[in-house]
Protein chains: 2
Amino acid sequence: MDERQALASFSALSQETRLQIVRMLVSAGPSGMPAGAIAEKAQVSPSNVSFHLKELERSGLITQKRESRSIIYSADYEALGSLIRFLMEDCCAGHPEICVPAAAVAPCCAPTMEGNANE
Amino acid sequence: MDERQALASFSALSQETRLQIVRMLVSAGPSGMPAGAIAEKAQVSPSNVSFHLKELERSGLITQKRESRSIIYSADYEALGSLIRFLMEDCCAGHPEICVPAAAVAPCCAPTMEGNANE
DNA sequence: TCAATTATTCAAGGATTGTTGAAATATGGA
DNA sequence: TCCATATTTCAACAATCCTTGAATAATTGA
């Protein structure tokens with residue numbers, strides 16, 4: 001991830017509604033959620049959610065696909081991982097005391113490492 | 001780290017000059033840098049750097065201390081680590097495929113783990 | 001084709017953020 | 001005390017971002 005993309009990602013995550021949407025989509029998993037459901041859950045108007053979804057897509061953190069009348073949005077896990085790596089590489093450079101504690105958390109969400117080719 | 005602080009941190013990092021300053025301060029290490037040197041290296045005016053430094057401090061990502069006539073700014077490693085953890089916990093929840101690749105990067109900056117009490 | 005559903009786009013206005021240069025504040029030395 | 005240094009604060013303006021509601025577009029079923 002280059003600096004330009006990192007800036008766009010930070011900008012995308014710096015807004016309450018958008019952060020909420022990202023969390024929502026991550027926990028919704030790969031099947032994603034239609035725009036309408038996102039709007040309802042986030043309690044914002046359709047046009048407003050559309051504005052924020054476009055912003056998030058522009059940053060690369062989410063993707064969309066049409067499915068019949070609905071447009072389904074999903075979190076882009078690879079982009080999220082890249083952003084975490086950016087923060088680690090960038091900010092840890094020469095200073096393990098930053099990212100060692102962060103790394104300690106990683107196992108919490110990696111219960112099945114054996115099946116994981118590191119793509 | 002709560003959502004409010006995470007939002008402030010993302011907002012702080014979403015501006016080019018400020019991201020540059022954070023990178024600068026992290027690689028400068030615990031001794032930090034005086035405002036003037038930061039301004040010079042970032043090529044912005046004193047008043048402008050002051051504006052951004054205040055923003056970064058408000059987010060908790062950096063700290064300041066006066067030292068004679070200079071004001072020395074340093075990266076707050078703990079805050080940066082917390083932000084990385086926030087992104088991991090938040091975004092990995094139930095989806096190891098996000099943070100496993102990120103975790104794989106961690107060792108790159110942890111060459112001396114033995115001396116590290118995890119504070 | 002017509003109506004209903006789902007969602008986006010657009011323009012307008014308000015709110016927030018960023019930049020600039022001048023004035024103010026704090027510190028230390030002559 | 002007076003001056004130089006290092007930095008911040010302030011006010012004004014420019015730029016960007018967010019919200020709203022109305023209009024538009026795409027899809028499906030009757």
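Letters go in sequence order (proteins before strands), and every chain restarts at 1.
Distance, F10(A) CZ to dC17(D) P: 16 Å, rounded to whole Å. Computed from coordinates, the H52(A) NE2 to dC17(D) P distance equals 12 Å when rounded to whole Å. Across the protein-nucleic acid pair, E16(B) atom CD and dT16(D) atom P stand 13 Å apart, rounded to whole Å. Remark: P of dT16(C) and CG of L7(B) are 15 Å apart, rounded to the nearest angstrom. Whole-Å rounding puts the I72(A) CD1 to dT8(C) C1' distance at 15 Å. In this entry the distance linking CZ of F51(A) with P of dA11(C) reads 15 Å, nearest Å. Rounded to a whole Å, the CZ atom of R18(A) is 12 Å from the C1' atom of dT19(D). The interatomic distance linking N48(B) (CG) with dG18(C) (P) rounds to 10 Å, in whole Å.
Among the protein residues, S50(B) comes within range of the nucleic acid bases, having at least one heavy atom under 4.0 Å from a base atom. Within the nucleic acid shown, E55(A) has no heavy atom closer than 4.0 Å to any nucleic acid atom.
In this structure, Y73(B) and R69(B) both approach DNA chain D, and ranking their closest nucleotides by distance from the 5' end singles out R69(B). Nearer to the 5' terminus of DNA chain D, by closest-nucleotide assignment, is the contact made by S11(A) (compared with the other of S47(A) and S11(A)).
With dT9(C), dT27(D), dT27(C) as the candidates, the nucleotide lying closest to the side chain of K54(A) is dT9(C). With distances taken from any side-chain atom of A35(A) to the nucleotides dG18(C), dA7(C), dT28(D), the minimum falls on dA7(C). For I71(B), whose side chain is taken as the heavy atoms from C-beta onward, the closest listed nucleotide among dT7(D), dA7(C), dA26(C) is dT7(D).
Without hydrogens or angle criteria, R4(A) side chain to A6(A) main chain gives no donor-acceptor distance under 3.5 Å. Of the possible polar contacts, none joining the R85(B) side chain to the L87(B) backbone as a donor-acceptor pair under 3.5 Å is found.
Contact annotation: S70(B) side-chain N/O to dT27(C) OP1/OP2 distance is not under 4.0 Å.
Nearest heavy-atom pair, R18(B) versus A12(B), reported as atom, atom and distance to 0.1 Å: NE-O, 2.9 Å. Across all their heavy atoms, A75(B) and L80(B) have their closest contact at CB-CD1, 4.4 Å.
Just one residue in the list I21(A), V22(A), I38(A) forms a side-chain contact (heavy atoms from CB on, under 4.5 Å) with H52(A), and that residue is I21(A).
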